[in-house]
Engineer: 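My questions will all concern the structure given below.
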Amino acid sequence: MSDIRLSLAEIVGEDYVSDREEETYFYARDPGLMPAHKPDYVIVPKTTEEIQKIVRLANKEKIPIVPMGAGMALTGLIIPLKGGIVMDMKRMNKILEVNEKARYVIVEGGTSHGVLKSYLEKNYPRLRHSIPDAPATATIAANVMIHGQGRLTQQYGFNSDMVTGLELVLPSGEICKIGSCSISKEWFSKGAPLPDLSGLFLGWFGATGIITKVAIKLYPRKRMRDVEIFVTDREDLIPDIIYEITHTEMVEDINIFAQPLPMIFKDNHHITIFLTGDTDEELEFKRKMIWYALDGFIKSKDGGFMSVPPVMKPTLLDMPQQSVSRFADVKKGGGFEYSGPIILVERYPECSRKVMELASKYDLSYSAMARIIGRGHCMMFGFAFTFNRADPDMMDRTRKALQEVSDYALSAGGVFWKPTVNEQRMALERMDPNTRNLMKMIKNNLDPNGIMNPGNWEVN
Ligand SMILES: Cc1cc2nc3c(=O)[nH]c(=O)nc-3n(C[C@H](O)[C@H](O)[C@H](O)COP(=O)(O)OP(=O)(O)OC[C@H]3O[C@@H](n4cnc5c(N)ncnc54)[C@H](O)[C@@H]3O)c2cc1C
């Protein structure tokens, strides 16, 4: 095995490969609840060519490879279940090109959302991208790989819908371009009008290839952003309220949160509505349209706008929202995990009841948060629990609650988002057999030696 370490060191240099205990300890786990498993090696490549050489070596020696961004998906997707190499992408963090007029950016496969955000603010203040509320170190490639969602998801769909091109290293070691960039030097489309091959990679958790470059759409950045909060204690009305707001086509993003603390939030559902505009008039117009759309609920006294305290505004308008990370440490033990099935908005009332029922059954701190996707086609409903890592009993209760969420999500017609390995198995069992066979054909053809993030999307 030390021959392997030597060969890896020849590719990336001694400083960027390790099999030391203190390194493999960290790369064996993520902040969630999945059990740790150590890699044999950790490697931090700098170029596509280095990745190509590593993959070729791994393929020849049949050693697993797990690509890793910031390791923040929380559901164990970067835990090397069968050992092998964890490939930390953080040195591949360059912004390669911005096409201002066509509004897209090409970045390397380890570039973080934070780096892109700062770069755009400094160099292209009229452009922005869809930022998730994950810690700013979360990477763009990994986020589209797991079909993440960000601030522009309400308008434009999943962040992966915003991809306009990919470069990958395939499990065989070939470098492959996907989309318009396979024919042209322009990266404006990941598929149309060609066959859309991005589906062979996006959503596969690195089990079919490693993204070395990704292009994503950029959008106009307006001069002003503001937030309104509509509050109701009638969870049954939420789907109708969302329907009315999305009908206006006036809002940037819609999140709904319900949580027991602080007391001011208890028993209410808070629909946070984000607005943007280049002028006061534009913002005011949009605000009026939303007020008008919700007038019926106000008149029937089923809900109303809450005046957002000035101290709360910066927190809400922050991108990413730090409050999400703060909630993650409510129990002061650094433990946080959420199951976020993608599900119809009409299921909001029962999802909301479910999270409260589970919190009470397992005596846990919870937060329910929903993000509307694509003007209400569906939503991500986050069943979020925070726990203290030093308290095994609390961790066990959280695990049980999340298992119940998985069972519930499937029964309610939802589809798991960033599923754990166990949830992937549940999804495959439930899947139409012909679809499952198609997945098997794709996986077996692209990765016949099963070296890429093994354990994930393993179709038998
Ligand atoms: C407090 C908090 C808030 C969050 N809020 C959001 C949110 O609002 N929206 C959201 O979408 N998510 C959110 N998340 C979840 C998650 O952090 C993000 O989705 C994040 O973008 C994942 O990126 P990562 O770099 O951490 O991925 P990782 O966990 O490192 O990787 C995720 C998957 O992608 C694969 N992968 C990584 N890099 C590559 C590559 N280059 N090529 C191929 N495969 C690769 C990995 O093998 C793994 O399967 C949140 C998490 C936390 C902790």
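Every number for a ligand or one of its atoms is a count from 1 in the order of the listing.
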Engineer: Less than 4.0 Å is my threshold; does some heavy atom of Q321 fall inside it relative to ligand 1?
Structural biologist: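 It does not, in that no heavy atom of Q321 comes within the 4.0 Å cut-off of ligand 1.
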
Engineer: Is the cationic atom of K418 (NZ for Lys, CZ for Arg) positioned less than 6.0 Å from the six-membered ring centroid of Y338 and within 45 degrees of its normal?
Structural biologist: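 Cation-pi check for K418 and Y338: passes.
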
Engineer: Considering P135, S160, G69, S130, which one's heavy-atom position lies nearest to atom 52 (C) of ligand 1?
Structural biologist: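 Shortest heavy-atom distance from atom 52 (C) of ligand 1: P135.
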
Engineer: Considering all heavy atoms of both residues, which atom of T276 and which atom of K286 are nearest to each other, and what is their separation?
Structural biologist: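 Looking at all heavy atoms of both residues, the shortest contact is O-NZ, 2.8 Å.
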
Engineer: Could you work out, for atom 20 (C) of ligand 1, the closest of A136, A138, P132, G150 by heavy-atom distance?
Structural biologist: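 Nearest heavy atom to atom 20 (C) of ligand 1 lies in A138.
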
Engineer: Using a 4.0 Å cutoff against the non-hydrogen atoms of N143, which atoms of ligand 1 qualify?
Structural biologist: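 So the answer, numbered in order with elements, is 10 (C), 11 (O), 18 (C), 19 (O), 20 (C), 21 (O).
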
Engineer: When you compare ligand 1 with A134, is there at least one nitrogen or oxygen pair between them that comes in under 3.5 angstrom?
Structural biologist: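 Yes; the residue has a nitrogen or oxygen that sits under 3.5 Å from a nitrogen or oxygen of the ligand.
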
Engineer: Is there a heavy atom in W204 that sits closer than 4.0 Å to ligand 1?
Structural biologist: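 Outside the 4.0 Å threshold, so no.
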
Engineer: May I ask you to check whether F385 and F383 place their ring centres under 6.0 Å from each other?
Structural biologist: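 They do not qualify: ring centres at least 6.0 Å apart.
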
Engineer: Only one of K222, R128, R151 passes side-chain hydrogen bond (donor to acceptor under 3.5 Å, both in side chains) with E252; say which it is.
Structural biologist: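 For E252, the side-chain hydrogen bond (donor to acceptor under 3.5 Å, both in side chains) check succeeds only for R128.
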
Engineer: Numbering the atoms of ligand 1 from 1, which are under 4.0 Å from a heavy atom of L74?
Structural biologist: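 With L74 as reference, the close atoms of ligand 1 come out as 53 (C).
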
Engineer: Please work out, at 4.0 Å between heavy atoms, whether the side chain, the backbone, both, or neither of I78 comes within that distance of ligand 1.
Structural biologist: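 The answer is the side chain of I78.
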
